[in-house]
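Below: the structure, in structure tokens.
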Amino acid sequence: MGMPRFVRPKEGDAESSPNLYVANCGPAVGLSYDTIASVFSSFGEVKGVYAADESGARVIVSFLESTSAHSAFKALNGRPCPHLGGRSLHIRHAILQPPSSTVNDSVPVSLIASDLNIPGLYLFHDFISAKEEEELLQAVDNRPWKSLSKRRVQHYGYEFCYDTRNVDSKQHLGALPAFVSFILTRVSSLPDIPANLVLDQLTVNEYPPGVGLSPHIDTHSAFEGLIFSLSLAGPCIMEFRRYTTGSWVPKIASVSDMKDENPEEVSRKAIYLPPRSMLILSGEARYAWHHYIPHHKIDKVKETLIRRGSRRVSFTFRKDIIIPWEQMKES
């Protein structure tokens with residue numbers, strides 16, 4: 001069963017909710033779920049503490065009674081909590097989102113990129129062979145993984161910092177591993193790829209069943225204009241969202257889970273990513289559309305229900321924007 005999903009309540013309904021969204025609180029800041037539950041239980045029975053997103057620094061505290069949640073909100077919001085390391089908590093009410101369909105929320109799913117009519121979006125099926133896929137998975141499984149709240153990652157070239165959503169270009173981890181050399185060679189032979197392109201950053205993500213990726217645009221200031229993502233082991237769908245009115249842009253990867261969206265203000269399109277396919281984001285697809293992997297275990301593709309595998313692994317290649325040290329000092 002997937003993790004419960006919570007959203008911001010409508011105006012006037014906040015105090016009737018037994019759930020609280022608590023920021024600056026979680027394993028990433030040294031606070032275990034048991035410790036959090038123990039502190040909040042002084043206001044009433046706590047049903048559970050859940051990760052609110054992948055940061056590890058925001059949680060949902062779910063009480064049995066709404067009065068308990070409101071008491072905790074009044075006592076702790078915006079104030080240092082001595083029992084939680086003296087951290088100031090930022091709290092708001094949240095409500096449990098009704099279970100959504102596991103069939104893509106009525107967004108039609110395309111099989112080829114041209115059907116989406118998003119400039120700069122390309123998908124190459126069978127970019128690698130099944131044997132190459134097996135060898136790549138074996139190579140990363142023989143190396144250490146770093147665990148986030150819902151998935152595991154590896155970084156090569158430069159480490160991506162999820163707190164700042166950027167890379168530290170002064171901390172070079174070395175050249176990309178030899179086991180991806182053939183991918184880089186193959187990428188360089190694709191149509192319209194700049195001859196001087198040198199990809200120097202690789203993030204490997206492992207997603208267990210039901211885990212996706214919240215809507216986001218890869219940081220403009222961290223990476224250049226081409227992003228390559230190779231899917232391995234299991235399929236998924238990727239949704240693209242473009243916000244057509246207003247100025248709202250997610251500041252953190254998970255904020256969309258806590259904000260109601262007006263369907264008339266967002267354009268949504270989706271594509272099926274089979275194993276061994278290579279997705280390329282450039283131009284408008286890279287800079288104007290948020291990309292998103294729904295948190296599903298089953299996807300609906302052309303009237304067919306497709307169950308995701310026991311794991312999905314993605315290799316995402318980027319070119320880091322390196323700012324010269326003299327320029328950094330001037331800024």
For the residue pair [X] and [Y], establish whether any side-chain heavy-atom pair is separated by less than 4.5 Å.
| X | Y | answer |
| --- | --- | --- |
| Pro294 | Ile237 | yes |
| Asp299 | Pro235 | no |
| Lys319 | Asp200 | yes |
| Pro80 | Ser88 | yes |
| Asn77 | Val22 | no |
| Lys269 | Asn117 | yes |

Considering non-hydrogen atoms only, spot the tightest contact between [X] and [Y] and give its length.
| X | Y | value |
| --- | --- | --- |
| Val46 | Ala37 | CG2-O, 4.0 Å |
| Ser310 | Pro209 | O-CD, 3.1 Å |
| Ala270 | Leu116 | O-CD1, 3.5 Å |
| His125 | Leu111 | NE2-O, 3.1 Å |
| Phe40 | Phe63 | O-CE2, 3.2 Å |
| Leu226 | Pro194 | CD1-CD, 3.8 Å |

List the steps and the verdict of side-chain contact (heavy atoms from CB on, under 4.5 Å) for Ser214 and His295.
-> CA-CA 8 Å; Ser214 297; His295 300 265; 4.1 Å; yes
Test of understanding: clusters of I, L, V, M, F, W, Y form through side-chain heavy atoms closer than 4.5 Å, transitively. Do [X] and [Y] belong to the same one?
| X | Y | result |
| --- | --- | --- |
| Tyr33 | Ile60 | no |
| Ile193 | Leu176 | yes |
| Leu232 | Trp145 | yes |
| Tyr50 | Leu31 | no |
| Leu230 | Leu190 | yes |

Could you pull out all residues at least two apart from [X] that satisfy salt bridge (charged side-chain N to carboxylate O under 4.0 Å, His left out)?
| X | value |
| --- | --- |
| Asp192 | none |
| Arg276 | Glu133 |
| Lys302 | none |
| Glu284 | Arg242 |

Using the side-chain contact (heavy atoms from CB on, under 4.5 Å) rule, take Phe317 and Val187 through it: C-alpha gap first, then chi angles, then the decisive distance, then the call.
-> CA-CA 10 Å; Phe317 298 87; Val187 162; 5.9 Å; no
Would you say [X]'s side chain and [Y]'s backbone share a donor-acceptor pair under 3.5 angstrom?
| X | Y | value |
| --- | --- | --- |
| Ser38 | Asp34 | no |
| Ser17 | Ala94 | yes |
| His155 | Val153 | no |

Not counting sequence neighbours, which residues clear side chain to side chain donor-acceptor pair (under 3.5 Å) with Ser147? List them please.
->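 With neighbours one apart ignored, the set is empty.
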Contacts of type side chain to side chain donor-acceptor pair (under 3.5 Å), residue Ser32, not counting sequence neighbours =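 Only Thr35 meet the side chain to side chain donor-acceptor pair (under 3.5 Å) criterion with Ser32.
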Please list, chain by chain and in numerical order, all residues satisfying ring pair (Phe, Tyr, Trp, His ring centres under 6.0 Å) with His90, sequence neighbours excluded.
->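 Testing His90 for ring pair (Phe, Tyr, Trp, His ring centres under 6.0 Å), a comparison that skips the adjacent residues, returns none.
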What residues form a ring pair (Phe, Tyr, Trp, His ring centres under 6.0 Å) with Phe43, not counting sequence neighbours?
->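 For Phe43, no residue satisfies ring pair (Phe, Tyr, Trp, His ring centres under 6.0 Å) once neighbours in sequence are set aside.
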At what distance, to the nearest 0.5 angstrom, does [atom1] of [X] lie from [atom2] of [Y]?
| X | Y | atom1 | atom2 | result |
| --- | --- | --- | --- | --- |
| Met278 | Phe228 | CE | CZ | 7.0 Å |
| Ile183 | Leu136 | CD1 | CG | 4.5 Å |
| Tyr156 | Arg143 | OH | CZ | 4.5 Å |
| Glu45 | Glu65 | CD | CD | 8.5 Å |
| Ile118 | His291 | CD1 | NE2 | 11.5 Å |
| Leu123 | Ile112 | CG | CD1 | 9.5 Å |

Pair Arg152-Val204, side-chain contact (heavy atoms from CB on, under 4.5 Å): steps then yes or no = CA-CA 8 Å; Arg152 300 194 300 174; Val204 182; over 6 Å; no
Residue pairs passing the salt bridge (charged side-chain N to carboxylate O under 4.0 Å, His left out) test where at least one lies in residues 66-79, sequence neighbours excluded |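 Non-adjacent pairs meeting salt bridge (charged side-chain N to carboxylate O under 4.0 Å, His left out): zero.
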Sort and list the pairs that fulfil salt bridge (charged side-chain N to carboxylate O under 4.0 Å, His left out) and have at least one residue in residues 174-190, not counting sequence neighbours.
->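 Counting only pairs at least two positions apart or across chains, the salt bridge (charged side-chain N to carboxylate O under 4.0 Å, His left out) contacts touching residues 174-190 are Glu132-Arg186.
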Output all residues satisfying side-chain contact (heavy atoms from CB on, under 4.5 Å) with Ser314, sequence neighbours left out; order by chain, then residue number.
->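 Expected list: Asn205, Tyr207, Ser229, Arg312, Thr316.
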Excluding sequence neighbours, so at least two apart, what forms side-chain contact (heavy atoms from CB on, under 4.5 Å) with Tyr122?
->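 Partners of Tyr122 under the side-chain contact (heavy atoms from CB on, under 4.5 Å) test: Phe124, Ile280, Ser282.
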Evaluate the side-chain contact (heavy atoms from CB on, under 4.5 Å) criterion for residues Glu206 and Leu137: first the C-alpha distance (whole Å), next the side-chain angles of each, then the deciding distance (0.1 Å), finally the verdict.
-> CA-CA 10 Å; Glu206 181 194 57; Leu137 292 171; over 6 Å; no
His172/Tyr158 aromatic ring centres below 6.0 Å =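 His172 vs Tyr158: aromatic centres under 6.0 Å.
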